[in-house]
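Since the structure comes first, as structure tokens, the remarks are kept for the end.
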Amino acid sequence: QVQLVESGGGLVRDGDSLRLSCAASVGTTGRYAMAWFRQTPGKRREFVASIRWSDSRTYYATSVQGRFSISRDNTKNTVYLQMNSLGPENTDVYSCAADSDDSGGYDAAEYEYWGQGTQVTVSS
């Protein structure tokens, strides 16, 4: 069983930065594609970024490309999402997910394991 726990969210001003963290069970980040999704209550999850295990290839939603960066620290079994130039439109709950197929795709249905999410709020 894979367990994912997010942290690092908070309240920031327009233009500020945050780094989200996703701590995984031992061995998880070295064998699964990992991703970040926006998780609005009552809405479908929206893809933000992913990183594959096999070749470390990264993927980004068009809306965040150039501002957000996903990375992985295998020593700590942790995946990060560096979020720069934040705006109010980025306010949401952000969840991390793991995909055993290692595709790193944009479809939430491809991911088997999910964290509880961490809140990001950006004020004007």
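We're numbering straight along the sequence, starting at 1.
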- So, does Y111 use its side chain to make a donor-acceptor pair with the main chain of G105 at under 3.5 Å? yes
- W36 versus C22: any side-chain heavy-atom pair under 4.5 Å? yes
- Item | Non-neighbouring partners of D92 that pass salt bridge (Lys or Arg N to Asp or Glu O under 4.0 Å), sequence neighbours left out | R38
- Item | Pairing residues for F47 by the ring pair (Phe, Tyr, Trp, His ring centres under 6.0 Å) criterion, not counting sequence neighbours | F37
- Item | Same apolar cluster: Y94 and V122, side chain cutoff 4.5 Å | yes
- Decide whether L20 and V79 are clustered together by the hydrophobic rule: side chain heavy atoms of Ile, Leu, Val, Met, Phe, Trp, Tyr closer than 4.5 Å, transitively. yes
- Message: For S25 and Q3, which I'm curious about, is there any donor-acceptor pair between the side chains at under 3.5 Å?
- Response: no
- Return each pair, listed once, that meets salt bridge (Lys or Arg N to Asp or Glu O under 4.0 Å) where at least one residue sits in residues 46-63; pairs must be two or more places apart or across chains. R52-D55
- Message: Looking only at the side chains, is there a donor atom on one of S54 and D102 sitting less than 3.5 Å from an acceptor on the other?
- Response: yes
- Query: Would Y80 and V2 show up in the same hydrophobic cluster when neighbours are defined by side-chain heavy atoms closer than 4.5 Å?
  - Reply: no
- Task: Using distance alone, with no hydrogens and no angle criterion, decide if R72 and T78 have a side-chain donor and acceptor under 3.5 Å apart.
- Result: no
- Item | Separation between OG of S50 and CG of D99, rounded to the nearest 0.5 Å | 9.0 Å
- Could you walk me through whether Q116 and L4 pass the side-chain contact (heavy atoms from CB on, under 4.5 Å) check? CA-CA 8 Å; Q116 83 287 351; L4 307 173; over 6 Å; no
- Query: If you look at every heavy atom in W114 and S95, which pair is closest and at what distance?
  - Reply: CE3-CB, 4.2 Å
- Hydrophobic cluster membership, F68 vs V12, 4.5 Å side-chain cutoff: yes
- Could you tell me whether the side chain of M83 reaches within less than 4.5 Å of the side chain of D16, counting heavy atoms only? no
- Item | Residue from R44, E6, R45 passing side-chain hydrogen bond (donor to acceptor under 3.5 Å, both in side chains) with Q39 | R45
- Message: If you define the side chain from C-beta out and look only at heavy atoms, does anything of V93 sit under 4.5 Å from T40?
- Response: no
- Any idea which heavy atoms bring G87 and D14 closest together, and the distance? CA-OD1, 3.7 Å
- Taking all atoms of both residues into account, what is the closest heavy-atom pair of A33 and G104, and its distance? CB-N, 3.6 Å
- Item | Spacing of Q119 atom CD and T91 atom OG1 [to the nearest 0.5 Å] | 7.5 Å
- Under a 4.5 Å side-chain heavy-atom rule over Ile, Leu, Val, Met, Phe, Trp and Tyr, are Y113 and M34 clustered together? yes
- Please determine which of V48, V120, L18 meets the side-chain contact (heavy atoms from CB on, under 4.5 Å) test together with L81. V48
- Message: Quick one: does any side-chain atom of S85 pair with a main-chain N or O of R67 as donor and acceptor, under 3.5 Å?
- Response: no
- Item | Y60, OH atom: more than 12 neighbouring heavy atoms under 6.0 Å | yes
